[in-house]
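In what follows, a single structure is set out as structure tokens and then discussed.
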Amino acid sequence: GVWRQTRALLFKNCLVKCRTKKSRSAFPLFFLFWLILMSMMHPHRKYDEVANTDLGPLDTSVLLDFVIGYTPPTALAREIMKKVAFDNFEDGLITEEYLSEEELEEASFLKPTKFVGVVFKDSMSYELRFRDSIAMASIYTESR
């Protein structure tokens, strides 16, 4: 985050100052003061929990011709994808299994834009692969 970048910048500035041995100026201190002031003006916000609410029926017209590819093809992954495809949707979603992540990536370029890849890391975690990006779980996301 911001602290890591600030620390690296300060370390780089100290190295440059030590190697050049020029006269010391107040500019780095002003820059540090400015960063601290900006971080105090925009503090980290913590949001409270949202109560469970019924969101109503899902509009399945958005999911027409939607393809979900997944890897690795284990028994647990097949069971999860079967539940995703048939338990929540009347017609079911199209699911395809792939032997490796490379095959999944190749398929994502050949399939239409409504293709989503699911890579199961273990029995409790997965990554979503879209046509040009990877979506990570929200536990890895921090504030700006």
Side-chain angles (χ1 to χ4, degrees), residues 1-19 24-144:
V2 174
W3 174 243
R4 186 182 309 151
Q5 290 176 352
T6 305
R7 190 175 59 203
L9 182 63
L10 287 173
F11 182 71
K12 182 191 128 213
N13 286 341
C14 288
L15 283 177
V16 169
K17 290 286 184 186
C18 290
R19 290 180 183 162
R24 309 273 175 182
S25 68
F27 181 71
L29 293 176
F30 173 74
F31 183 68
L32 179 63
F33 174 73
W34 183 75
L35 286 175
I36 292 171
L37 183 66
M38 291 302 291
S39 68
M40 288 171 47
M41 290 174 62
H42 301 285
H44 176 71
R45 292 188 182 123
K46 182 171 173 54
Y47 296 100
D48 295 330
E49 288 186 18
V50 177
N52 291 339
T53 57
D54 184 18
L55 299 176
L58 177 66
D59 182 16
T60 56
S61 65
V62 176
L63 301 175
L64 275 161
D65 301 325
F66 203 78
V67 179
I68 301 176
Y70 64 94
T71 188
T74 61
L76 181 62
R78 286 185 189 106
E79 182 180 333
I80 291 171
M81 295 311 292
K82 180 182 172 193
K83 284 184 179 277
V84 167
F86 295 107
D87 288 358
N88 299 318
F89 305 102
E90 297 154 3
D91 300 332
L93 295 173
I94 301 169
T95 58
E96 298 174 353
E97 63 182 44
Y98 296 94
L99 297 176
S100 66
E101 288 186 47
E102 290 79 22
E103 286 183 22
L104 182 73
E105 288 178 19
E106 288 175 17
S108 70
F109 290 115
L110 300 174
K111 299 285 181 181
T113 57
K114 290 187 176 186
F115 182 84
V116 174
V118 180
V119 179
F120 290 96
K121 296 299 181 184
D122 55 33
S123 62
M124 298 297 288
S125 64
Y126 62 91
E127 287 181 357
L128 295 178
R129 305 276 174 106
F130 296 97
R131 196 173 188 91
D132 56 355
S133 65
I134 298 174
M136 300 269 253
S138 62
I139 59 172
Y140 299 111
T141 308
E142 296 180 7
S143 69
R144 290 189 277 170

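Computed from a prediction, not measured in an experiment: that's the story for all the values here. When a residue number appears, it is its place in the shown sequence, counting from 1.
Contact annotation: the side chain of Leu104 approaches that of Phe115 to within less than 4.5 Å [non-hydrogen atoms, C-beta and beyond]. Leu128 has its side chain within reach of Val118: a pair of non-hydrogen atoms, C-beta onward, lies under 4.5 Å apart. Looking at heavy atoms from C-beta onward, Ile80 lies in side-chain contact with Phe120 at the 4.5 angstrom threshold.
Look at Glu97 and Lys82 and you find no salt bridge, because none of the NZ, NE, NH1 or NH2 atoms lies under 4.0 Å from a carboxylate O.
Taken from CZ in Phe31 to CH2 in Trp34, the straight-line distance is 6.5 Å, to the nearest 0.5 Å. From Met81, atom CE reaches atom OG1 of Thr74 across 11.0 Å, with rounding to the nearest 0.5 Å. Taking OG1 of Thr71 as the start and CZ of Arg129 as the end, the distance is 9.5 Å to the nearest 0.5 Å. Atom CG in Leu35 sits 7.5 Å away from atom CG in Leu10 (nearest 0.5 Å).
The neighbour count for Lys121 NZ, taken as heavy atoms of other residues, nucleotides or ligands under 6.0 Å away, is above 12.
Scanning both residues, Ala77 and Pro72, for their nearest heavy atoms gives CB-O, 3.5 Å. For the residue pair Thr95 and Tyr70, the shortest heavy atom distance occurs at CB-CE2, 4.3 Å.
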